[in-house]
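So you know, we letter chains A, B, ... as the sequences are listed, proteins then strands, and number each from 1. Atom set for the values below is all heavy atoms of this structure, side chains included, hydrogens, waters and symmetry mates excluded.
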2 protein chains.
Amino acid sequence: MKLKEGKDKFIQSWGALGSSWGINRTMAQIHALLLISPEALSAEDIMEELQISRGNANMNIRALIDWGLVYKELRAGERREFFVAEKDMWTVVKHIIIQRKKKELEPMLKVLDEISSVEDNSKEAEEFVHIIREIKLFSNKADSTLDSLVKADSNWFVGTFMKMIK
Amino acid sequence: MKLKEGKDKFIQSWGALGSSWGINRTMAQIHALLLISPEALSAEDIMEELQISRGNANMNIRALIDWGLVYKELRAGERREFFVAEKDMWTVVKHIIIQRKKKELEPMLKVLDEISSVEDNSKEAEEFVHIIREIKLFSNKADSTLDSLVKADSNWFVGTFMKMIK
DNA sequence: TTGTTGGTTCAAAACTTTTTGAAACTTCAT
DNA sequence: ATGAAGTTTCAAAAAGTTTTGAACCAACAA
């Protein structure tokens, strides 16, 4: 397979994967492009390679920086900004977990707390409180598991844990 | 808090959470409604409660059955079908992992295999093959970790594992 | 066989999200 | 102070996704 073809395939697939991961298509494609680029790229380079508008490039680059998946690289005597991707996969996944936990799991935990104070003596209410309690328990476990995962280092993940569960 | 209010809040939040989990809003809302319902519900009941059309209800109920999150309950002498949610959270999460692994991780693994055969002696190609190899390694680990998770039972997850990583 | 109840399908409409592109802004060199 | 090179913003357009509802199909009772 030719390099160009492989690059394109990777960028497209990474984009598709991103879509189902709360990372929009273009954002994921920019990330893919930077991942496989040996040099930092400018906004212009990215627009050019992916055939996207300046506004789109700018917004998604900033979102990636926000998520901690891309870094700005400033060069002495250059006004324009260059961008590099975080290339360590474990760090990438950690940053995604942090963002999604904050955006999804934490608000849900808050709602579960609020609604577990339902007072009512119907059979319906009983079932309601019961299942909410179970979901809360489970979510709290997930929450602290993710916390530990994020604190744990890559070696632990790829080594000990893998052996343990095999 | 009143029961009605709590139910609504839960259904809305579960719907929002679903959106960022590859499960569409209505699909997640139907699942939420069934989760907190002590009785199986008919399609009609669901349409009524969530104020959605027959077509929408039908499609999303079937998607939930597909995902293994909802079961059909047939009653002797009743032509209409009733639906119950899988209420064990560990099972719910397992089923979601299975679906998403199949839809997302597996196609990515296939693409990574295809593109790691890139032949070219540029610096770019070197970096490309290197990072692809790293991503492949990581994805394979994730893949087998998820396999083990799915095989593991709930107690293992909530017990041993939790203690270990604390 | 016909009418009624319930399930399924799918094209069009409504809604949501993403992308564009032009204007505004910033920084710096002249 | 002006212009060049770059970045940011955002309203409108395009693209993508979900929902509706009406037509159709199936099972059954009368």
Could you tell me whether E114(A) and K9(B) have a side-chain N and a carboxylate O separated by less than 4.0 Å? yes
For the pair made of CD in Q51(A) and P in dT20(C), what is the distance, rounded to whole Å? 10 Å
Winner on side-chain proximity to T26(B), out of dG6(C), dT8(D), dT18(D), is dT18(D)
Could you tell me whether E124(B) and K7(A) make a salt bridge, using a distance below 4.0 angstrom between a side-chain N and a carboxylate O? yes
Just how far, in rounded Å, is C1' of dT9(C) from CD1 of I61(B)? 15 Å
Plane angle bin for H31(B) and W14(B) - parallel if under 30°, tilted between 30 and 60°, otherwise perpendicular: tilted
Quick one: what's the B/S/- string for nucleotides 9-17 of chain D, heavy-atom cutoff under 4.0 Å, read 5' to 3'? BB-------
Report which part of the nucleic acid R79(A) touches: base, sugar-phosphate, or nothing (heavy-atom distance under 4.0 Å, all strands). base
Paired and unpaired positions of DNA chain D as dot-bracket, Watson-Crick or G-U wobble under 3.5 Å, | denoting a partner strand: ||||||||||||||||||||||||||||||
Name all residues meeting the salt bridge (charged side-chain N to carboxylate O under 4.0 Å, His left out) criterion together with K4(A); count only those two or more places apart in sequence or in a different chain, and write none if there are none. D8(A)
Students often get this wrong, so: under 4.0 angstrom with heavy atoms, is E81(B) touching a base, only sugar-phosphate, or nothing? sugar-phosphate
Is it true that E86(A) and K94(A) have a side-chain N and a carboxylate O under 4.0 angstrom from each other? no
If you measure from the Lys or Arg side-chain nitrogens to the Asp or Glu carboxylate oxygens, is any gap between K136(A) and D113(A) under 4.0 Å? yes
